[in-house]
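This report refers to the structure that appears directly beneath it.
Lettering follows sequence order; numbering is per chain, from 1. Small disclaimer: the values here were computed from a predicted structure and weren't measured.
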Amino acid sequence: MASLAKELSAAAGAAFEAMGLEARFGEVRRSDKPELADFQCNGAMAAAKAAGRNPREIAGEIAGALKAHALVLSAEVAGPGFINLRVSDAALSARAEAVRGDAMAGGEKAAAPERITLDFGGPNVAKPMHVGHLRSAVIGDTLQRLFRFLGDEVVSDTHLGDWGLQMGHLISELQDEQPGLIYFDAGFTGPYPAEPPVTMDDLARLYPQASNKAKADEARNERSQKAVAEMQAGRAGFRALLTHFINVSVASLKQDYAFLNVSFDLWKGESDVDGLIPEVIARFKAKGLAVESGGAWIVPLAREGEHIPVEKNGEITYKNAMPPILLVNSRGGTGYHTTDLATILDRVEHMGPAPDRIVYVVDQRQAQHFVQVFRAAAKLGLMPEDRLEHIGFGTVNGADGKPFKTREGGVLRLADLNSMALEEAFRKIDAAGKLPEDMSAEERADVAHKVAVAALRFSDLMNTRITNYVFDLDRFTSFEGKTGPYLLYAAVRVKSVLRKAAEAGHEPGAVAVTEDAERALVLQLDGFGAALLGAREKRMPHILCEHLYSLAQAFSAFYGALPIASDPDDAKRASRLALADAVRHQLETGLDLLGITVPERM
RNA sequence: GACUCCGUAGCUCAGCUGGAUAGAGCGCUCGCCUUCUAAGCGAGUGGUCGCAGGUUCAAAUCCUGCCGGGGUCACCA
């Protein structure tokens, strides 16, 4: 059974068509005014304008047709031409039962599923993840889960940053500290030691150290540039170091991601497409798309009207235009434009069936970079621009309103954020004092972890992803109001009611909706499918967050207003238990899509 | 300078493919635990939707222009 909103939309659409008007006017949605209606259709007014007719007259005819529909209790015209619909208790009851028994908890598959390569995470090998990496991880992972649930075929790839200047910084800084290491002996032919010469802490220390020096000292920066160029050119010792750095980093990254329930199918990185870079460059040159400029090779991308070259002191800058990409720099090295293009080539031509779409979940500040890469990829014929998609998100700012810096040091590590959230969860759990005395230390730790993850993921996902937000520890770990822990609490309470009822021998039965709180609850359940599809279409997880939060609220109101397991009437008790079970099913399903797991007790 | 995102309640934010009296959370004020988990529920408080024009029967929503803030603009990614 489709959602009530969908059934009603189809019926209203058919009624519009019968009048010679477009079916799209029949869109029915939840009413803004629950005291007046369950659902409303506003299409008559738009249709009247298109057809040059009286809106109330059209609304009256549509309402007349809808009255005959099996789900509809009443259909009335209000104001300038709103159609207010009430559905029958029987329709709501049937809908609740359908949600309860549905594998998708009332959701429905996407109409046109796609094969999607999802690129998110993007951690750098040189440095531990910081708070800014939270967003890509959490938004990307949620989209991954959502896409799969709705029928898309997803391959996720973390796309490690392991090929750029940061590797040069790391290599040269290590050489300064330990010049005797075998990796720096150009005459050595191998094999190199299997044990890594550094730990994650070493890497975390070496990188900012080198970066700061390079900023202050051009000669120091030049050495990093040289080191990276040599590494890219294939110097064996440097490649061996690269492999060590990657392995050390990945082990650490996996821990941070695992804490947040974030996973990837692939852990490929920029260095994996190293071998494809010459081919990318050759293809651009062969097609005449690359031009030489100041010793470097660039690919101009500006379109008609965009390209405004301005010459100043003998140098040409491209003011007010889409800048070209730097294919090969003047040292013969390549930057992230080129590796990104090589990665597209890899994904399209070397990894099985080509994806329908490649989606990048990366900071909004890189929007222009992606426009450039996408244009270049399209020019090369790798993939049309409209199949490449950048899902940007706002920065996580500090209290000063500025984004957390990543290269000056002093940033909050993601691992530390995770620990802080976990500590806070423990503290709040102890303060609430609700966990049963008999609960083992292991289970308590598990509950605290689930609460911490719910707090972190939900507080990040509930924001519209495009806007910046201020990092506020209280907000991340708040256990009151519109938060992940509130949702967990609501879900745990449903489970608790159901468990206790089962222990008393009471099972869910046939649903018979009668009370307002029950009607409101089922109407909320009915909106799940639309929320899922909306979240997928717009790539906006907060739409799903809003739905689940409203569902938890509707359940809490229902719980407060009516007895469930404690109702003495057998039929009412069975019906309300079934309603509670439908809520549990949809809440758990939806929270799982957000990467949030509900414990049995808390 | 160009492009881009944002500007809605004291604070943090939804709503933006135009529709009825603009919604949440936090805060603040009341009320509710001898009954299923009060990390809860109910009621109240609180808004020139940045400003000015325009389109429309109807604008927070669409268009134009301003103002304010963030971001980006080839050899770091």
Side-chain angles (χ1 to χ4, degrees), chain A residues 31-33 36 40 42 45-46 48-49 55 78-82 84 122 124 161 163-166 168-169 211 214 221 224-225 228 270 293-296 298-299 306 308 317-331 333-337 339-340 363-369 371-372 392 394-395 397 401-403 406-407 428-429 431-432 434 451 462-464 466-470 472 474-475 478-483 485-486 488-490 492-493 495-501 504 542-543 545-546 549-550 553 556-557 559-561 563-567 576 580 601-602:
Chain A
S31 175
D32 298 332
K33 307 195 163 302
L36 292 179
Q40 63 180 335
N42 297 343
M45 291 173 287
K49 190 167 192 172
F82 299 103
N84 284 331
N124 285 303
W163 198 238
L165 182 64
Q166 76 268 25
H169 281 329
S211 174
N221 191 52
S224 290
Q225 294 279 8
V228 83
E270 294 170 334
S293 167
I298 63 172
V299 178
E306 281 186 346
I308 309 169
T317 55
Y318 295 85
K319 257 184 135 51
N320 313 339
M322 184 57 65
I325 60 164
L326 186 68
L327 196 61
V328 182
N329 69 26
S330 48
R331 292 181 192 83
T334 53
Y336 75 149
H337 285 111
T339 48
D340 275 5
D363 193 320
Q364 185 61 30
R365 287 177 295 185
Q366 296 197 36
Q368 181 172 279
H369 165 73
V371 172
Q372 291 179 297
T395 52
N397 293 344
K402 303 265 183 182
T406 60
R407 289 172 191 180
K428 287 282 163 63
I429 285 167
K434 291 190 166 239
V451 168
M462 67 182 276
N463 294 296
T464 313
I466 208 75
T467 54
N468 299 342
Y469 71 91
V470 175
D472 175 349
D474 281 341
R475 177 172 180 197
S478 173
F479 288 70
E480 282 174 8
K482 197 170 187 174
T483 65
Y486 169 90
L488 279 193
Y489 177 72
V492 166
R493 203 159 53 163
K495 284 179 150 186
S496 173
V497 170
L498 290 165
R499 187 174 54 244
K500 287 199 172 163
H542 84 277
I543 296 173
C545 292
E546 289 285 341
Y549 179 68
S550 297
Q553 276 187 314
S556 291
Y559 176 90
I564 302 170
S566 53
D567 196 295
R576 289 187 191 144
R601 303 185 292 180
M602 67 179 267

Using a 4.0 Å heavy-atom cut-off across all strands, classify [X] as base, sugar-phosphate, or nothing.
X: A/Asn84; value: base
X: A/Pro485; value: nothing
X: A/Ile564; value: base
X: A/Ser556; value: sugar-phosphate
X: A/Tyr559; value: base
X: A/Gly481; value: sugar-phosphate
X: A/Gly79; value: nothing
X: A/Gly335; value: sugar-phosphate
X: A/Arg331; value: sugar-phosphate
X: A/Ala565; value: base

Expressed as a whole number of angstroms, how long is the span from [X]:[atom1] to [N]:[atom2]?
X: A/Gln368; N: B/rU4; atom1: CD; atom2: P; value: 11 Å
X: A/His337; N: B/rA77; atom1: NE2; atom2: C1'; value: 10 Å
X: A/Phe82; N: B/rG18; atom1: CZ; atom2: P; value: 13 Å
X: A/Glu480; N: B/rC28; atom1: CD; atom2: C1'; value: 14 Å
X: A/Gln40; N: B/rA20; atom1: CD; atom2: P; value: 8 Å
X: A/Gln364; N: B/rG71; atom1: CD; atom2: C1'; value: 8 Å
X: A/Met45; N: B/rA58; atom1: CE; atom2: P; value: 13 Å
X: A/Gln372; N: B/rA74; atom1: CD; atom2: P; value: 8 Å

Of all the choices, [options], which nucleotide is nearest to the side chain of [X] once you look at every atom?
X: A/Tyr336; options: B/rA77, B/rU37, B/rA20; value: B/rA77
X: A/Val497; options: B/rU37, B/rG19, B/rA24; value: B/rU37
X: A/Arg493; options: B/rU72, B/rA74, B/rU37; value: B/rU37
X: A/Ser566; options: B/rG18, B/rG25, B/rU35; value: B/rU35
X: A/Gln225; options: B/rC41, B/rC57, B/rC76; value: B/rC76
X: A/Lys33; options: B/rA24, B/rC75, B/rA20; value: B/rA20

- For each nucleotide in nucleotides 10-17 of chain B, reading 5' to 3', give B when a protein heavy atom comes within less than 4.0 Å of its base, S when such contact involves only the sugar-phosphate, and - otherwise. --SSSS--
Using the [atom1] atoms only, state how far [M] lies from [N], rounded to an integer number of Å.
N: B/rA14; M: B/rG54; atom1: P; value: 30 Å
N: B/rA59; M: B/rA20; atom1: P; value: 10 Å
N: B/rG19; M: B/rG15; atom1: C1'; value: 14 Å

- Task: Would you please enumerate the stems RNA chain B participates in, each stem being three or more consecutive Watson-Crick or G-U wobble pairs with both distances under 3.5 Å?
- Result: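 Expected stems, ordered by start: B:1-7 with B:67-73, B:10-13 with B:23-26, B:27-32 with B:40-45, B:50-54 with B:62-66.
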- Residue list, salt bridge (charged side-chain N to carboxylate O under 4.0 Å, His left out) with A/Lys482, at least two apart or on another chain: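 Expected list: A/Glu546.
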- For residues A/Tyr486 and A/Tyr549, determine if any side-chain heavy atom of one lies less than 4.5 Å from a side-chain heavy atom of the other.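 Yes, at least one pair of side-chain atoms sits under 4.5 Å.
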- Query: Should B/rC66 be called syn or anti, with syn set as within 90° of 0?
  - Reply: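 That one's anti.
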